[in-house]
A.B. asks: 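Below are the structure tokens for one structure; questions will follow.
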Amino acid sequence: MRSMFPRACGSALGLIFALACATPAPAGIQPPDPDYRARLPQDEVIYFLLPDRFANGDPANDRGGIPGDRLDHGFDPAHEGFYHGGDLAGVSARLDYIQGLGATAVWLAPIFRNKPVQGEPGREFAGSHGYWITDFTRVDPHFGDDATMRALVEAAHARGIKVYMDIVTNHTADVIRYRECPANDCAYRSRADYPYTRRGGVDGEAINEGFTGANFDRLTRPDYAWTPFVPEAEATVKVPAWLNDPIYYHNRGDTTFRGESSLDGDFAGLDDLMTEHPRVVAGMIEIFGDWIDRYKVDGFRIDTARHVNPAFWQAFVPAMQARAAANGIPNFHIFGEVYDVDPAQLARYTRVDGYPAVLDFGFQSTVTDLVARDVPPDRLARLFSADALYEGGEAGALGLPTFLGNHDMGRIGHFILTAKPDIGDGELLQRSTLAHAFLMFSRGVPTLYYGDEQGFTGDGGYGGARQDMADTRVATYADDRIVGGAGEAFSTTAPLYRAIAGMAALRRADSRLRRGLQTVRFAAEAPGLFAVSRHLPDRPGETLIVYNTSTTPVTANIEVDAASAGWSSSRGTCPAAATAPGSLRVTVPALDYLICTSEGVP
């Protein structure tokens with residue numbers, strides 16, 4: 001079972017629990033903005049969840065209406081790689097919990113109909129995560145149906161909560177086979193060695209006459225590299241029907257994640273769509289535009305963005321923005337998954353591919369280094385200095401979703417425990433809380449990973465960070481250490497839940513913490529202080545956030561604007577006046593933070 005220690009305020013952890021208990025869970029929850037559509041992307045606090053692991057609102061759909069055993073329907077709540085029973089009805093039932101945390105937008109892992117089980121014999125897994133899509137037009141029956149989805153979106157919108165869908169355009173489920181590879185393990189065959197105009201290599205039969213390298217609609221045969229075919233039993237499994245034709249796929253074998261194979265290779269065997277083909281472009285615009293039309297969702301997180309050619313995004317993204325605007329959704333949030341920590345690589349997708357934003361993997365990596373591995377805070381200053389690279393510069397960087405962990409890599413609690421396996425319970429909570437403070441108050445759109453607010457840690461990696469929010473039957477989940485101690489499922493008194501809810505309230509109350517441009521004021525070259533100011537052009541003064549990543553209190557003078565005066569404390573203890581014009585003297589406790597606010601007048 002999970003380790004336990006008391007959660008009561010005033011326990012032996014003293015100061016730490018005082019910090020967590022200072023802000024009670026919100027009562028009488030109301031939408032933070034009666035006109036939720038008017039909120040900009042940077043106003044949101046996103047809550048990312050996997051419906052299958054969140055809450056089971058309807059046990060009748062656990063097997064998706066599919067007869068047979070676990071290898072047919074995919075339901076096995078004791079196996080981390082199979083369906084566990086969570087669904088959209090469960091999400092609807094827990095909207096109070098989500099809103100109480102301070103989240104204003106819910107990002108759902110893909111909910112489309114998936115291939116229930118795939119993989120070679122003895123290595124089967126289920127599509128509980130949602131990324132093995134067969135029918136792009138319907139809700140997976142394990143999660144509910146179209147009516148359940150509509151009910152969720154309407155219930156969320158009634159509270160002022162936005163709903164973001166996780167979508168996939170790079171690939172479908174693994175259906176296509178290659179005749180040369182019975183084990184479905186074909187190595188990647190390059191465009192140079194296996195051009196589209198020859199069958200099976202440069203010396204092969206001439207095919208696809210008239211293809212010039214740009215007009216992909218002139219391709220008539222898909223057997224230039226391998227010989228693809230669709231097994232008879234799955235000949236019509238994909239929806240819309242055009243997706244069943246191998247001509248709309250690259251068919252070059254498994255990606256090596258390098259060079260051209262990153263764009264044209266099959267991702268872990270998944271059928272890689274030929275996103276250069278005009279039928280695929282039009283088809284994907286039609287598919288996902290229809291989801292906007294039907295449900296009036298508020299944004300898309302786009303999976304595997306870096307594995308799709310730029311021209312596709314240059315057509316797709318504006319089409320989705322136009323479709324949303326036509327549906328009265330002016331601030332439709334689109335952000336892509338580009339799994340790279342280099343801000344130059346991330347920024348390229350906003351400059352070239354036309355993405356409004358990408359998930360900020362650089363932020364995740366750097367903050368993890370600061371709070372888990374004692375890397376000096378000046379590393380974060382260097383990351384923020386690269387904000388100028390993004391389309392729109394520093395203002396554009398305000399829309400980048402920032403995060404501390406996810407379903408593929410692991411949770412922030414796991415990263416801290418990995419770096420400091422002997423850490424005590426109190427310090428583990430302090431460091432986890434500090435990481436969330438960096439997330440909530442730095443530039444960008446804070447994205448919370450479900451369960452982190454309950455102190456989940458996990459084993460990291462694929463599968464090891466997809467815990468059940470309620471009681472689990474997976475042994476490797478049940479023995480996880482819990483930040484703040486184990487309690488009841490969906491607790492609103494868990495230390496991290498209360499701390500994050502308090503941070504969200506501060507962020508909601510101060511527009512600078514959401515929309516303000518950011519100036520780095522101080523960045524220590526050893527574990528210690530990191531300070532930033534947030535400014536708005538139409539509001540005098542500034543909001544100063546000072547973090548301490550060291551295990552001892554630190555006192556220092558922090559540069560501020562000379563015109564900033566009349567200081568007050570939003571969080572922690574701040575001086576009422578500057579030490580001198582342009583300088584504010586602060587003391588920050590160990591592994592803690594302050595928020596000091598000036599309105600620019602004495």
Side-chain angles (χ1 to χ4, degrees), residues 29-49 51 88 91-92 95 98-99 102-112 136-139 144-169 240 281-303 305 313-336 350 354-358 391-392 395-396 398-401 445-447 507-508 511 514-515:
I29 298 167
Q30 297 293 326
D33 187 336
D35 184 8
Y36 66 94
R37 297 282 195 207
R39 296 198 307 259
L40 298 176
Q42 53 264 40
D43 290 333
E44 311 301 342
V45 175
I46 303 171
Y47 188 78
F48 170 40
L49 63 87
L88 297 179
V91 179
S92 293
L95 288 175
I98 294 170
Q99 193 167 32
T104 62
V106 177
W107 157 16
L108 304 169
I111 60 167
F112 313 101
F136 285 79
T137 69
R138 292 289 181 266
V139 173
D145 55 22
D146 292 353
T148 320
M149 175 63 175
R150 188 175 305 281
L152 169 58
V153 175
E154 290 177 355
H157 284 172
R159 296 166 173 269
I161 298 174
K162 296 181 179 181
V163 178
Y164 295 169
M165 295 182 67
D166 199 322
I167 70 169
V168 185
T169 67
V281 178
M284 287 292 151
I285 288 173
E286 177 183 4
I287 286 168
F288 294 114
D290 185 61
W291 283 90
I292 299 174
D293 292 344
R294 283 191 286 157
Y295 298 104
K296 308 300 187 287
V297 293
D298 306 283
F300 287 155
R301 178 268 192 183
I302 303 180
D303 182 65
W313 300 127
Q314 292 161 9
F316 182 85
V317 169
M320 294 301 98
Q321 292 171 322
R323 198 70 158 259
N327 279 279
I329 310 169
N331 295 310
F332 194 79
H333 197 186
I334 297 177
F335 52 98
T350 68
Y355 266 93
V358 292
E391 184 68 30
L398 294 175
L400 301 177
V445 187
T447 303
R507 191 175 186 275
R508 185 165 59 248
S511 57
R514 293 179 276 112
R515 301 185 180 187

A.B. asks: Using modelled atom types only, decide if a donor and an acceptor are shared between the side chain of Lys296 and the backbone of His157 within a distance under 3.5 Å.
C.D. replies: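 Checking the backbone N and O of His157 against the side chain of Lys296, no donor-acceptor pair under 3.5 Å is found.
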
A.B. asks: Given side chain to side chain contact (heavy atoms under 4.5 Å, CB included), test Tyr355 with Ile302 step by step and report yes or no.
C.D. replies: CA-CA 10 Å; Tyr355 266 93; Ile302 303 180; 3.4 Å; yes

A.B. asks: Quick check: do Pro330 and Arg37 have side-chain heavy atoms less than 4.5 Å from each other?
C.D. replies: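 Yes - at least one pair of side-chain heavy atoms lies under 4.5 Å apart.
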
A.B. asks: Just how far is it from atom CZ of Arg159 to atom CD of Glu154, taken to the nearest 0.5 Å?
C.D. replies: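 It is 14.0 Å, given to the nearest 0.5 Å.
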
A.B. asks: Do Phe48 and Trp107 have their ring centres less than 6.0 Å from each other?
C.D. replies: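 So the answer is yes for these two rings.
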
A.B. asks: Got Phe300 and Ile292 here, is their nearest side-chain heavy-atom distance under 4.5 Å?
C.D. replies: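 With C-beta onward as the side chain, the pair touches.
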
A.B. asks: Distance-only, no hydrogens or angles: does the Asn331 side chain make a donor-acceptor pair with backbone N or O of Arg39 under 3.5 Å?
C.D. replies: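 Checking the backbone N and O of Arg39 against the side chain of Asn331, a donor-acceptor pair under 3.5 Å is found.
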
A.B. asks: Before giving the answer on side chain to side chain contact (heavy atoms under 4.5 Å, CB included), spell out for Val358 and Leu400 the whole-Å C-alpha distance, their side-chain angles and the decisive distance to 0.1 Å.
C.D. replies: CA-CA 6 Å; Val358 292; Leu400 301 177; 4.2 Å; yes

A.B. asks: For Val163 and Ala156, which heavy atoms make the closest approach, and how far apart are they?
C.D. replies: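 In terms of heavy atoms, the two residues are closest at CG2-CB, 3.7 Å.
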
A.B. asks: Taking all atoms of both residues into account, what is the closest heavy-atom pair of Pro240 and Phe136, and its distance?
C.D. replies: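 Looks like CD-CB, 4.5 Å.
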
A.B. asks: Can you name the one residue among Thr169, Val168, Asp293 that meets side-chain contact (heavy atoms from CB on, under 4.5 Å) with Phe288?
C.D. replies: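 Filter result, single survivor: Thr169.
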
A.B. asks: Mind checking the CG-CD1 spacing from Leu49 to Ile98? Nearest 0.5 Å is all I need.
C.D. replies: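 Result: 5.5 Å between the selected atoms.
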
A.B. asks: Which heavy atom of Ala103 sits nearest to which heavy atom of Ile161, and what is that distance?
C.D. replies: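 It is O-CG1, 4.5 Å.
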
A.B. asks: Identify the heavy atoms of Ile285 and Ala315 that sit nearest to each other, and give their distance.
C.D. replies: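 For Ile285 versus Ala315, the nearest heavy atoms are CD1-O, 4.0 Å.
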
A.B. asks: Can you tell me if Asp145 uses its side chain to pair, donor with acceptor, with the backbone of Ala147 under 3.5 Å?
C.D. replies: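 Yes, because the side chain of Asp145 sits within donor-acceptor range (under 3.5 Å) of the backbone of Ala147.
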
A.B. asks: Indicate the ring-plane relationship of Phe316 and Trp313, choosing parallel, tilted or perpendicular according to the 30° and 60° boundaries.
C.D. replies: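 Geometry flag for Trp313 against Phe316: perpendicular rings.
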
A.B. asks: Does any N or O in the side chain of Arg515 come within less than 3.5 Å of the main-chain N or O of Leu398, such that one atom is a donor and the other an acceptor?
C.D. replies: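 Looks like no, no N/O pair under 3.5 Å.
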
A.B. asks: Which atom pair, heavy atoms only, marks the closest approach of Tyr36 to Gly160?
C.D. replies: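 Taking every non-hydrogen atom into account, CB-O, 3.6 Å.
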
A.B. asks: Quick one: closest heavy-atom pair of Ala357 and Pro401, and the distance?
C.D. replies: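 Closest pair (atom of Ala357, atom of Pro401, distance): CB-CD, 4.1 Å.
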
A.B. asks: Hey, does Pro51 have a side-chain heavy atom less than 4.5 Å from the side chain of Ile111?
C.D. replies: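 Yes, at least one pair of side-chain atoms sits under 4.5 Å.
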
A.B. asks: Answer whether the closest heavy-atom distance between the side chains of Lys162 and Ile329 falls below 4.5 Å.
C.D. replies: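 Contact flag for Lys162/Ile329 side chains = no.
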
A.B. asks: For the residue pair Val445 and Phe335, establish whether any side-chain heavy-atom pair is separated by less than 4.5 Å.
C.D. replies: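 Val445 does not reach Phe335 side chain to side chain.
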
A.B. asks: With distance as the sole test, does Asp298 use its side chain to make a donor-acceptor pair with the main-chain N or O of Tyr164 at under 3.5 Å?
C.D. replies: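 Side chain of Asp298 to backbone of Tyr164, a donor-acceptor pair under 3.5 Å: no, none is there.
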
A.B. asks: Pair Leu152, Leu108 - check side chain to side chain contact (heavy atoms under 4.5 Å, CB included), show working.
C.D. replies: CA-CA 11 Å; Leu152 169 58; Leu108 304 169; 3.9 Å; yes

A.B. asks: Quick one: does any side-chain atom of Asp146 pair with a main-chain N or O of Arg138 as donor and acceptor, under 3.5 Å?
C.D. replies: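 Checked: no pair found.
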
A.B. asks: Residues two or more places apart in sequence or in another chain: which of them pass salt bridge (Lys or Arg N to Asp or Glu O under 4.0 Å) with Arg507?
C.D. replies: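 Result, salt bridge (Lys or Arg N to Asp or Glu O under 4.0 Å) vs Arg507: none returned.
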
A.B. asks: Determine whether Arg150 and Val139 satisfy the following criterion, side chain to side chain contact (heavy atoms under 4.5 Å, CB included), listing intermediate values before the conclusion.
C.D. replies: CA-CA 10 Å; Arg150 188 175 305 281; Val139 173; over 6 Å; no

A.B. asks: If only atom types and distance count, is the side chain of Asp43 paired as donor or acceptor with the main-chain N or O of Leu40 below 3.5 Å?
C.D. replies: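 Confirmed, Asp43 side chain pairs with Leu40 backbone.
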
A.B. asks: Determine whether a donor-acceptor pair (N or O, by modelled atom type, separation under 3.5 Å) exists between the side chain of Thr104 and the backbone of Val45.
C.D. replies: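 Looks like yes, one N/O pair under 3.5 Å.
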
